[in-house]
Amino acid sequence: MRLRITFIGLLCFISVYAQRQIVIDKTQMRLYVVEQSDTLESFPVCIGKNFGQKTRQGDHKTPEGDFTISMIQNSSSWEHDFKDGHGIRENAYGPWFFRLKTPMSRHIGIHGTCFPQSIGKRESEGCIRLKNEDLVNLYRYVFIGMKVRITKDSIQ
């Protein structure tokens, strides 16, 4: 009997957990953590420099549609050259990189930034950037397989 109660409780937990998703609104430049119809958290973001649907790597567009988180990676030691004349930047992606499974690129993710001033703007190469402290708060909600919906731009 005790095993049955534990199993039923686990099923209820999994059911609610599976309904949690991330919604990224490109027009409002905000990321929402949503569970059923409740918004649990909301953060400002930076998205791709160019408007519209991502069609190829290097187009600096943030993809639109429904995706899933395929990996959660510690990115605290990652570096990147943003081709801005300043060379390689350390801790370019903040503490975490939530890799999205997208058909157009395996390099798209939700991550922190070494450019906190870019939040609320269109300055990324296609990824979704958050302030590092917001990313740490988001981390507690994220799981592999989590659904991520990215809305369309208002201007294409």
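Predicted, not measured: the structure shown is a model, and the values here were computed from it. Only this structure's heavy atoms are used, side chains among them; waters, hydrogens and symmetry mates stay out.
Residues I144 and V33 fall within the same hydrophobic cluster, defined by Ile, Leu, Val, Met, Phe, Trp and Tyr side chains chained together at heavy-atom separations under 4.5 Å. Hydrophobic clustering of Ile, Leu, Val, Met, Phe, Trp and Tyr side chains at less than 4.5 Å, counting indirect connections, unites F67 with Y141. Linking ILVMFWY residues whenever their side-chain heavy atoms come closer than 4.5 Å, directly or via other members, places M29 and I108 in the same cluster. The hydrophobic clustering, which links ILVMFWY residues whose side-chain heavy atoms are closer than 4.5 Å, places F143 and F98 together.
Counting heavy atoms from C-beta on, the side chains of V45 and R129 never come closer than 4.5 Å. Side-chain contact between F97 and M71 is absent, with no heavy atoms from C-beta onward closer than 4.5 Å. Counting heavy atoms from C-beta on, the side chains of T62 and C127 never come closer than 4.5 Å. Between V23 and L31, every side-chain heavy-atom pair lies at or beyond the 4.5 Å cut-off. Between H111 and I128 there is no side-chain heavy-atom pair separated by less than 4.5 Å.
Between atom CD1 of residue I150 and atom CD1 of residue I24 there is a gap of 4.5 Å, rounded to the nearest 0.5 Å. Atom CD of E123 and atom NZ of K121 lie 5.0 Å apart (nearest 0.5 Å).
Considering all non-hydrogen atoms of both residues, S118 and C46 come closest at O-CB, 3.3 Å. The shortest non-hydrogen separation linking D134 to P44 is OD2-CD, 3.9 Å. Heavy atoms only, all atoms of each residue included: Q57 and H107 are closest at OE1-CD2, 3.3 Å. Closest heavy-atom contact between N132 and G94: OD1-CA, 3.3 Å. In this structure, L40 and E35 approach most closely via the heavy-atom pair CD1-CB, 3.8 Å. The two residues C114 and N91 make their nearest non-hydrogen contact at CB-O, 3.7 Å.
L130 pairs in a side chain to side chain contact (heavy atoms under 4.5 Å, CB included) with only one of the listed residues (I110, V136, T113), which is I110.
Judged by distance alone, with hydrogens and angles left aside, the side-chain atoms of K147 form no donor-acceptor pair with the main-chain N or O of I22 at under 3.5 Å. A donor-acceptor pair is defined here as one N or O able to donate and one able to accept, closer than 3.5 Å; such a pair exists between the side chain of Q53 and the backbone of E64. For S124 (side chain) and I47 (main-chain N/O), a donor-acceptor pair under 3.5 Å exists by modelled atom type. In this structure, D25 contributes its side chain and T27 its backbone to a donor-acceptor pair below 3.5 Å.
Ring centroid separation for the pair Y93 and H80 comes in under the 6.0 Å cut-off. Checked against the 6.0 Å centroid threshold, F43 and Y32 do not count as a close aromatic pair.
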Starting from the C-alpha separation in whole Å, work towards a yes-or-no answer on side-chain hydrogen bond (donor to acceptor under 3.5 Å, both in side chains) for Q19 and Q36.
CA-CA 6 Å; Q19 293 177 21; Q36 296 174 337; 2.8 Å; yes
Could you check R30 against E41 for salt bridge (charged side-chain N to carboxylate O under 4.0 Å, His left out), going step by step and ending with a plain yes or no?
CA-CA 10 Å; R30 290 203 74 85; E41 293 279 359; over 6 Å; no
Output, in order, the C-alpha distance, side-chain angles, deciding distance and verdict of side chain to side chain contact (heavy atoms under 4.5 Å, CB included) for R20 and M146.
CA-CA 7 Å; R20 185 178 297 162; M146 185 177 199; 3.6 Å; yes
Test log, rule side chain to side chain contact (heavy atoms under 4.5 Å, CB included), inputs I72 and V142
CA-CA 8 Å; I72 299 172; V142 174; 3.8 Å; yes
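Q21 and R149 form no side-chain donor-acceptor contact under 3.5 Å, judged by distance and modelled atom types alone. No donor-acceptor contact under 3.5 angstrom links the side chains of R99 and S70, judged on distance only.
For Q117, the CD atom sits in a packed shell: over 12 heavy atoms of surrounding residues, nucleotides or ligands are nearer than 6.0 Å.
Scored by the salt bridge (Lys or Arg N to Asp or Glu O under 4.0 Å) test, K54 finds D59 as partners (sequence neighbours excluded).
Ion pairing of R122 with D153 is present here, as a side-chain N (NZ or NE/NH1/NH2) and a carboxylate O approach within less than 4.0 Å.
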